[in-house]
Amino acid sequence: MTEGGKAPSPRGAAIGRRIGIGLMYGLWKPRVLGSWRVPASGPVILAVNHSHGVDGPMVMGTAPRPVHFLIKKEAFVGPLDPFLRGIGQLKVDRQSADRKAITDALGVLAAGGVLGIFPEGTRGEGDFASLRAGLAYFAVRSGAPVVPVAVLGSTGRPSRLTPAVPRLRGRVDVVFGDAFDAGDGSGRRTRKALDEATVRIQERLTAHLAQARRLTRR
């Protein structure tokens with residue numbers, strides 16, 4: 001449940017997707033590859049590399065289904081707080097085991113929705129070099145397939161008007177990979193099973209990113 005006892009809203013996420021489509025295609029030129037690889041129904045986890053603040057909105061606006069992202073609580077300030085919650089996004093405290101965020105995320109998957117995760121935990125090089133265990137936990141616990149997503153070009157030349165965002169009307173590539181199961185098929189949720197799942201996930205995400213760079217020549 002989100003704050004106030006309300007579950008993450010599928011309708012809100014659908015509205016967020018429409019907003020994302022308008023903004024991302026209005027401000028930049030997204031090139032989307034492999035979106036057909038996202039299962040058309042049922043629970044899915046999108047594992048997205050993270051090197052720029054626009055990466056999440058870019059995926060929201062280019063994914064074929066509405067996405068509920070786990071977003072750091074620091075972003076939920078002022079008017080952004082009700083807005084982000086209103087479009088079905090999930091607030092998470094990265095410094096603790098945030099039980100409410102875990103419940104919300106598992107609820108999205110149990111309802112057959114799409115959960116978006118930055119598995120590196122924070123913005124960085126966007127190369128999946130350091131993964132946290134959260135993605136493995138959600139994948140193993142829910143049984144939802146993981147779809148790797150590479151966002152490339154968001155850290156290129158910044159806008160002259162607003163340096164905090166990429167150059168307006170510049171091209172940003174969003175490459176969706178093949179869905180895969182993170183677990184070993186045993187259903188185990190032990191620490192060892194999660195550690196092994198994290199290794200498998202990292203290998204698949206790193207391989208996808210390398211392939212995406214070859215495809216886009218980034």
Side-chain angles (χ1 to χ4, degrees), residues 1-17 20 34-50 55-57 59-73 75-76 84-94 96-121 128 131-149 176-191 193-198 200-202 204-205 208:
M1 296 290 181
T2 57
E3 289 181 8
K6 295 182 179 178
S9 167
R11 181 175 179 272
I15 293 172
R17 179 173 180 264
S35 60
W36 54 270
R37 294 188 171 99
V38 178
S41 61
V44 181
I45 298 173
L46 300 185
V48 186
N49 69 324
H50 194 25
D55 295 337
V59 172
M60 288 178 63
T62 57
R65 295 172 59 187
V67 183
H68 301 264
F69 263 103
L70 277 168
I71 301 174
K72 62 182 181 181
K73 69 175 185 178
F76 288 73
L84 289 173
R85 287 189 286 111
I87 60 172
Q89 306 309 295
L90 314 179
K91 178 165 63 173
V92 60
D93 184 348
R94 298 174 299 171
S96 66
D98 191 333
R99 296 296 180 185
K100 188 167 70 64
I102 293 171
T103 300
D104 284 346
L106 291 174
V108 165
L109 296 172
V114 181
L115 178 67
I117 294 180
F118 299 115
E120 295 160 291
F128 295 123
L131 264 62
R132 295 192 175 187
L135 173 54
Y137 174 81
F138 289 123
V140 172
R141 172 77 181 270
S142 68
V146 177
V147 173
V149 186
F176 295 85
D178 291 320
F180 66 93
D181 292 325
D184 61 5
S186 69
R188 293 180 303 125
R189 301 175 187 173
T190 62
R191 171 64 63 183
L194 292 178
D195 289 344
E196 291 172 350
T198 298
R200 282 192 292 273
I201 290 170
Q202 186 165 30
R204 292 293 294 265
L205 299 188
H208 170 67

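Note: hydrogens, waters and symmetry copies are ignored here, and every other heavy atom, side chains too, is used. Small disclaimer: the values here were computed from a predicted structure and weren't measured.
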Subject >> I117, V114, V147, V108 screened by side-chain contact (heavy atoms from CB on, under 4.5 Å) with I45, the one that passes >> reply: I117

Original post:
So, do L90 and P8 sit near enough that their side-chain heavy atoms are less than 4.5 Å apart?
Top reply: yes

Subject >> D184: partners by salt bridge (Lys or Arg N to Asp or Glu O under 4.0 Å), with sequence neighbours left out >> reply: R188

Original post:
Backbone N or O of D93 within a donor-acceptor pair of the D98 side chain at under 3.5 Å?
Top reply: yes

Original post:
What heavy-atom pair brings A105 and F138 nearest, and what distance separates the two atoms?
Top reply: CB-CE2, 3.6 Å

Subject >> Gap separating the NE2 atom of H68 from the OG atom of S9, nearest 0.5 angstrom >> reply: 7.0 Å

Original post:
Roughly how far, to the nearest 0.5 Å, is OG1 of T62 from CZ of R17?
Top reply: 9.0 Å

Subject >> Reported OG-to-CG distance for the pair S142 and L115, which is rounded to 0.5 angstrom >> reply: 8.0 Å

Original post:
Closest approach of I71 and Q89, non-hydrogen atoms and distance?
Top reply: CD1-CB, 3.8 Å

Original post:
Under the 3.5 angstrom rule, does the side chain of R37 hit a backbone N or O of P148 as a donor-acceptor pair?
Top reply: no

**OP:** Report the residues that fulfil salt bridge (Lys or Arg N to Asp or Glu O under 4.0 Å) with D195, sequence neighbours left out, ordered by chain and then residue number.
**Re:** none

Original post:
Of all heavy-atom pairs between P43 and L109, which one has the smallest distance, and what is that distance?
Top reply: CB-O, 3.2 Å

**OP:** Decide side chain to side chain contact (heavy atoms under 4.5 Å, CB included) for I87 and M60; before the verdict, give the C-alpha distance in whole Å, the side-chain angles of both, and the deciding distance to 0.1 Å.
**Re:** CA-CA 11 Å; I87 60 172; M60 288 178 63; 4.0 Å; yes

**OP:** Quick one: list whatever passes ring-ring contact (aromatic ring centres under 6.0 Å, His included) with F69, sequence neighbours left out.
**Re:** F118

Original post:
Nearest heavy-atom pair of F176 and G34: which atoms, and what distance?
Top reply: CB-O, 3.2 Å

Subject >> Test item: V146 and R204 side chains (from C-beta on) under 4.5 Å apart, heavy atoms >> reply: no

**OP:** First locate atom NE2 of H208, then atom CG of N49, and finally report the distance between them rounded to the nearest 0.5 Å.
**Re:** 8.0 Å

Original post:
Of the non-hydrogen atoms in I201 and A136, which two are nearest, and what is the gap between them?
Top reply: CD1-CA, 3.7 Å

**OP:** For G143 and D181, work out which heavy atoms get closest and say how close.
**Re:** O-OD1, 4.3 Å

